[in-house]
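Proteins come first, then strands; the chains are lettered A, B, ... in the order of their sequence lines, and each starts at number 1. This structure is a prediction, so every number in the text was calculated from the model and none was measured.
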There are 2 protein chains.
Amino acid sequence: MTAATVSRALSDHPEISAKTKAIVKETAQRLDYKANRIASSLRSGKTNVIGVLIPTAENAFFGSVIHGITNLASKHGYSVLIHECDELYELEVKGIQTFIGARVDGIIASLSRNTLDYEHFLDVKRRNIPLVFFDRVPNLDIPSVVIDGFNGSFWATQHLIDQGYKRIAHISGPLYINTFNDRFRGYEAALKANNIALDKNLIYNGNISIESGMEGTRQLLELPEPPDAIFVAEDFTALGILKQLKISKINVPEQFGVFGFCNDMFSEHTTPSLSTMDQQTVLMGQEAFKLLNRIIENGNEESSSRIVVTPLPVIRESSLKKNY
Amino acid sequence: MTAATVSRALSDHPEISAKTKAIVKETAQRLDYKANRIASSLRSGKTNVIGVLIPTAENAFFGSVIHGITNLASKHGYSVLIHECDELYELEVKGIQTFIGARVDGIIASLSRNTLDYEHFLDVKRRNIPLVFFDRVPNLDIPSVVIDGFNGSFWATQHLIDQGYKRIAHISGPLYINTFNDRFRGYEAALKANNIALDKNLIYNGNISIESGMEGTRQLLELPEPPDAIFVAEDFTALGILKQLKISKINVPEQFGVFGFCNDMFSEHTTPSLSTMDQQTVLMGQEAFKLLNRIIENGNEESSSRIVVTPLPVIRESSLKKNY
DNA sequence: CTGAAAGCGCTTACAG
DNA sequence: CTGAAAGCGCTTACAG
């Protein structure tokens with residue numbers, strides 16, 4: 001029996017007899033033989049490996065997306081190479097180069113915080129390696145999976161209005177990042193839809209941190225006409241808001257409403273518990289893999305497709321004025 | 001110029017002239033040439049890939065360890081294949097098989113919750129693939145990185161005693177898992193060191209969940225002689241304890257002390273904030289990679305080495321009776 | 001200092 | 001239904 005026959009038997013080639021297959025498989029099992037996927041990749045041109053590039057795994061959001069990706073990938077016979085760039089442009093480029101060298105069948109990526117140059121991703125396109133972005137996506141015509149920050153923020157702001165809050169402020173994330181800009185625009189649109197004039201004083205530019213939530217809240221409270229609610233673009237910042245309100249002895253939600261965005265691990269456990277928009281992170285990972293898999297199988301026809309994941313409102317204590 | 005020369009020039013082979021190297025490198029850059037690592041792996045017998053097997057990435061602990069591993073791995077020229085087993089034995093076996101097929105240079109693994117059979121890991125040893133365990137380790141003579149749960153728990157219990165708490169209960173994790181058994185024994189030893197008799201009624205077997213923390217606390221409070229403090233093996237359970245104490249209107253830390261273990265994301269942000277032992281997760285990942293790397297480089301001489309990471313106490317509000 | 005040749009372990013078109 | 005042969009793209013011992 002030749003190597004060719006063994007190879008065909010193990011991959012269930014239709015022209016091999018059932019008897020031969022049985023013998024080969026039994027023997028392979030007995031000898032604990034595991035085909036060398038490196039050799040098979042070299043010959044077949046398919047590695048069955050995808051690369052996943054993320055800013056950092058030390059963050060529940062990305063961990064959860066990874067979970068969504070690897071689970072599905074494994075079911076479809078793919079292994080996952082992971083590369084963290086630590087929010088550094090240089091490491092992001094290095095990660096892409098590693099993936100290219102490894103001849104991955106496709107790449108799923110989320111941009112580092114300070115990536116402004118996309119040359120490394122254009123290189124990927126030039127080599128016809130399927131590429132999908134999620135969450136932090138570039139302004140390029142490349143398939144991606146994003147959260148519907150606009151409508152989610154519209155919903156949250158409307159909810160605060162419906163609960164009877166009158167002056168609703170916004171603490172944003174860095175507005176040059178699309179994700180946070182969308183949330184700001186959703187807030188803005190909800191005010192307009194309710195004929196509430198946008199007051200520039202009620203907008204504080206935060207930077208995704210507890211500290212900026214505290215500082216923003218302090219500044220907003222010192223206004224001649226302070227707000228009585230805040231819609232905030234991210235939950236760590238929301239935590240800072242809750243901390244500062246506690247320090248300032250302002251009762252949430254009776255006197256002041258807070259609505260976040262992300263539904264982080266801790267959001268359920270703050271006092272009071274935080275109303276927020278759940279990002280459906282696992283679903284996001286799954287959608288990213290499904291999209292990549294479709295592109296790998298069908299070629300680049302869906303090059304400009306964009307999957308929009310709807311965030312789910314999670315109403316907890318911090319926004320329920322009407323209960324009082 | 002032949003492929004051989006190009007190969008040597010790109011890998012800085014000492015016998016190649018500086019001039020040739022310069023030409024080759026410039027040309028490679030211009031043509032955007034990236035060596036095929038698949039082919040080089042096949043020929044050289046080294047893939048420069050390590051496999052990391054974890055129960056789930058949807059958990060801050062493992063995400064953080066991954067962070068520690070990938071960072072160092074990348075610096076040492078390794079890529080990381082990741083495989084989640086979702087706490088399922090079958091997927092754990094599948095992950096190991098995938099790693100073997102991919103001919104990884106080494107494996108870092110943490111056991112699934114219900115792995116009792118180690119045949120797949122013995123297979124790895126038989127093939128002489130370097131293997132390191134972390135956190136959840138099997139009873140095998142295989143290198144590993146673990147947290148010093150015994151001494152950490154001793155320290156925490158002693159701290160509660162020093163703060164003046166008199167009857168200190170323990171809510172454990174599943175005691176058949178070494179990690180949690182160590183913590184129970186540390187608690188036990190601290191009592192003994194202080195001549196406090198172990199009261200079996202003060203020990204509740206939890207299962208790493210908010211619910212078990214609440215239920216355990218309820219039962220402990222109903223005791224004829226209820227405790228006035230709890231050392232708990234894990235922070236989610238601690239969260240349940242805090243919730244139940246709030247419901248039962250018992251003030252922490254004045255009337256009742258709570259000390260956890262893990263230092264999860266949320267532990268800093270509970271009310272009151274939770275005193276706990278930090279597991280140094282990133283350090284754990286780094287140590288695991290360093291150990292693996294040493295074994296890859298020096299062969300299996302350190303086959304029974306065990307790295308013990310010291311947990312760091314993080315004293316917050318929930319255990320500071322003396323402040324009152 | 002560089003080249004020619006073999007070979008890593010598979011897969012696959014071609015032949016029978 | 002199975003075999004013989006070529007080849008994927010590198011690396012490396014050997015030769016010069």
Asks: Hey, which of these two, B:Arg43 or B:Ser17, hits DNA chain C nearer its 5' end, going by closest nucleotide?
Replies: B:Ser17
Asks: Within the 4.0 Å heavy-atom criterion, would you say B:Thr20 contacts the bases, only the backbone, or no part of the nucleic acid?
Replies: sugar-phosphate
Asks: Run the numbers on B:Glu119 and B:Arg126 for salt bridge (charged side-chain N to carboxylate O under 4.0 Å, His left out), then give the verdict.
Replies: CA-CA 10 Å; B:Glu119 186 51 38; B:Arg126 256 179 257 123; 2.4 Å; yes
Asks: Touch check for A:Ser11, heavy atoms < 4.0 angstrom, all strands: base, sugar-phosphate only, or nothing?
Replies: nothing
Asks: By nearest heavy atom, map B:Glu15 and B:Ala39 onto DNA chain D; which one lands nearer the 5' end?
Replies: B:Ala39
Asks: Could you tell me how the ring of B:Tyr89 sits relative to the ring of B:His120: parallel (under 30°), tilted (30 to 60°) or perpendicular (over 60°)?
Replies: perpendicular
Asks: So, A:Arg37 versus A:Ser40: side-chain donor-acceptor pair below 3.5 Å or not?
Replies: yes
Asks: In terms of the angle between their ring planes, are A:His83 and A:Phe99 parallel, tilted or perpendicular, with boundaries placed at 30° and 60°?
Replies: perpendicular
Asks: By the 4.0 Å heavy-atom rule, please label A:Ser7 as base, sugar-phosphate, or nothing.
Replies: base
Asks: Taking any atom under 4.0 angstrom from a heavy atom of chain B, which nucleotides of DNA chain C are the first and last to qualify, 5' to 3'?
Replies: C:dC1 to C:dG9
Asks: Over all strands shown, is A:Arg37 touching base, sugar-phosphate only, or nothing at heavy-atom distances under 4.0 angstrom?
Replies: nothing
Asks: Taking atom CD as the centre, does A:Gln29 end up with more than 12 heavy-atom neighbours from other residues, nucleotides or ligands that are less than 6.0 angstrom away?
Replies: no
Asks: Which word best sums up how the rings of B:Phe134 and B:Phe62 line up, parallel for under 30°, tilted for 30 to 60°, or perpendicular for over 60°?
Replies: perpendicular
Asks: Hydrogens and angles aside, do B:Ser112 and B:Asn114 bring a side-chain donor and acceptor to less than 3.5 Å of each other?
Replies: yes
Asks: Want to settle it: does B:Ile16 or B:Arg103 sit nearer the 5' end of DNA chain C, counting the closest nucleotide to each?
Replies: B:Ile16
Asks: Are any of the side-chain nitrogens in B:Glu287 or B:Lys290 under 4.0 Å away from the carboxylate oxygens of its partner?
Replies: yes
Asks: Can you give the dot-bracket line for DNA chain D, where a pair is Watson-Crick or G-U wobble with both atom distances under 3.5 Å, crossing pairs use [ ], and | marks a partner on another strand?
Replies: |||.||||||||.|||
